[in-house]
Amino acid sequence: MRLSSQTQSLTRFSLPSFDMTSGSKSLMWFRKGLRIHDNPALEYAAKNSTHVYPVFVIDPHYMKPDPTAFSPGSKLAGLNRIRFLLESLVDLDYNLKKLGSRLLVLHGEPGNVLIRCLKEWDIKRLCFEYDTELYYQALDAKVQSYALESGIEIFSPVSHTLFNPAEIIQKNGGKPPMNCLSFSKIAGDPHWLSSSLSTTLSMIPPVGDVGNFEVSEVPTVKQLGYEDIQEEEPPIFKGGESEALRRLRESIKDKEWVAKFEKPNTDPSAFLKPATTMLSPYLKFGCLSSRYFYQCIKEIEKEFKNHTSPPVSLLGQLFWRDFFYTAGFGTPNFDRMRGNKICRQIPWNNDDELLAAWRDARTGFPWIDAIMVQLRKWGWIHHLARHSVACFLTRGDLFIHWEKGRDVFERLLVDSDWAINNGNWLWLSCSSFFYQYHRIYSPVTFGKKYDPTGAYIRHFLPVLKDMPMEYIYEPWTAPLIIQTKANCIIGKDYPKPVISHETASKECKGKMAAAYELNKEKNGMVSDEDLQNLRTRVEDQSQVTGSRRLKQKLI
DNA sequence: CCGTCAGTTGGACCT
DNA sequence: CAGGTCCAACTGACG
């Protein structure tokens, strides 16, 4: 199958005519997009080249063990995700070998390594998937500038997302759409919808001479310097395209389930038979093409007259992904509060002990703690469980800066995705997109709504198995003997909640209302001094200034 | 007469 | 579910 010409027109660079006579070496640079199916960059590299060098560069900064981190892993990534990435690379190598090629694993700073490759291997054409993420924007600019001045052709198609974020922003008058509905209206149907995506490649030209480059196999976790960690249970995700496609087939087997899917009705506490597809880690690394996933769902929806639709349907989930990618691409300082125009400026607390309690699953709320236990164990939690713990941290009882919570997620989640993670933290901390700060999603509310039997909590904290319901949702009422038992088994202090919901709610309301005023006044851009003033003003409860409307209501 | 600005209103938004 | 916030569209005073 051929990709449509439209897909290829997505490249940001003009394509010089190709000289077949001199022999042509292409370099396929893998970063995300760790797959063979629907991989326009790889397909383009394979076309008319005499040799293709499929390269992945392992950045020690990302992969090297960091013993000072709060969980096993590197400075930037938890071990779960590192392992997932390595497995994905092994699978990619395997799939490339079936097509007569192989994966060349190199080590070092990716930009420098790439430029050395282009030079030493006399590469004429560089292919890689376009990436909207800040990190890759900077990295790619460096590599591209070398390639351009050396006359190397660059092919960099958008294939990680359904739509091209830049195009969406342009269609929307230069700004990313700020809600899901307007996003889908502007996006419309993806242009490749009716064309057939390339799902198979018959062969890839052989790898050329690698000279005196040190090319390695995909390293094991152990070779990277990680101790063999005794796992009670095997990791729940196995990385790689093969596993991704297997899971995709598995989860869309029940066609009615696909057609009737409604995200808000899925149960975050379902763990034996998960309530969602759990394909997010595969989409994150591009082991699974979101466009191929889209087409599969679309096919099934055709068979049902009244299937669900975005934003709650399964397709809707892919729209949310693109929505956040677009917002992240079009918003300067998207991953920070300061200097971020769409982010409400709030004088967050800076209590490292409270943050650590949340991060280490010892808040005293079993629902919250059970979720955090799972996050550390599996590296994955249900979307609604993410809501619970994010709302808890930023608004419920702790009121800690969303950037801190974001950092913990970014490290621990196998599917941690820069745009989606930051977008959701902005959302749930009421800093952007959504602003109903008064609606405190307390662990009590969430526990009751989503886990009426307490099964989820009991599964992850087995000590609670025989505990009466009220002790699960209100642990501070538990008799000392049960508390002690829980402490012994979990090995942590199981404290009383720090602040009652009522107090937290009031405090939250005061801060958010003050932040609203400040944001209006300063048009979203505030100085450190402004924040400091706001903080002192808010902390002095007697002088809390509510919003104008709030004041009017009081009068 | 018209353009500007400040203030009001009502509908849409909500993973 | 309900309701705080946002954003168009509107209103009206002013020069």
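Lettering follows sequence order; numbering is per chain, from 1.
- A sub-4.0 Å separation between OP1 or OP2 of C:dC6 and a side-chain N or O of A:Arg344 is present.
- Ranking B:dC13, C:dC6, B:dT15 by closeness to the A:Leu181 side chain, first place goes to B:dC13.
- Rounded to whole Å, the distance from CG on A:Asn179 to P on B:dG11 is 18 Å.
- Figure legend: cation-pi geometry between A:Arg247 and A:Tyr282 absent, as NZ or CZ is not positioned both under 6.0 Å from the six-membered ring centre and within 45° of its axis.
- Using Watson-Crick or G-U wobble geometry with both donor-acceptor distances under 3.5 Å, C:dC6 finds its partner in B:dG11.
- Across the protein-nucleic acid pair, A:Phe323 atom CZ and B:dC14 atom C1' stand 11 Å apart, rounded to whole Å.
- The phosphate of B:dC13 (OP1 or OP2) has no side-chain N or O of A:Tyr435 nearer than 4.0 angstrom.
- The distance from atom CZ of A:Phe434 to atom C1' of C:dG4 is 9 Å, rounded to the nearest whole Å.
- The interatomic distance linking A:Tyr325 (OH) with B:dT15 (C1') rounds to 17 Å, in whole Å.
- A:Arg411 forms a cation-pi arrangement with A:Phe70, by the criterion of a distance under 6.0 Å to the ring centre and an angle within 45° of the ring axis.
- Taking atom CG of A:Leu426 as the reference point, atom P of B:dC13 lies 21 Å away to the nearest angstrom.
- No side-chain N or O of A:Glu262 forms a donor-acceptor pair with one of A:Thr308 less than 3.5 Å apart.
- Using a cutoff of 4.0 Å between basic side-chain nitrogens and carboxylate oxygens, A:Asp415 and A:Arg386 are scored as salt-bridged.
- In this entry the distance linking CH2 of A:Trp427 with C1' of C:dT5 reads 13 Å, nearest Å.
- Nucleotide C:dG4 holds its P atom 19 Å from the CG atom of A:Leu428, rounded to whole Å.
- Ranking B:dC14, B:dT15, C:dT5 by closeness to the A:Cys180 side chain, first place goes to B:dC14.
- The only member of A:Lys298, A:Lys260, A:Lys255 that meets salt bridge (charged side-chain N to carboxylate O under 4.0 Å, His left out) when paired with A:Glu303 is A:Lys255.
- Across C:dT5, B:dC13, B:dT15, the shortest atom-to-atom separation from the side chain of A:Lys185 is found for B:dC13.
- Nucleotide C:dG4 holds its P atom 15 Å from the CD atom of A:Glu517, rounded to whole Å.
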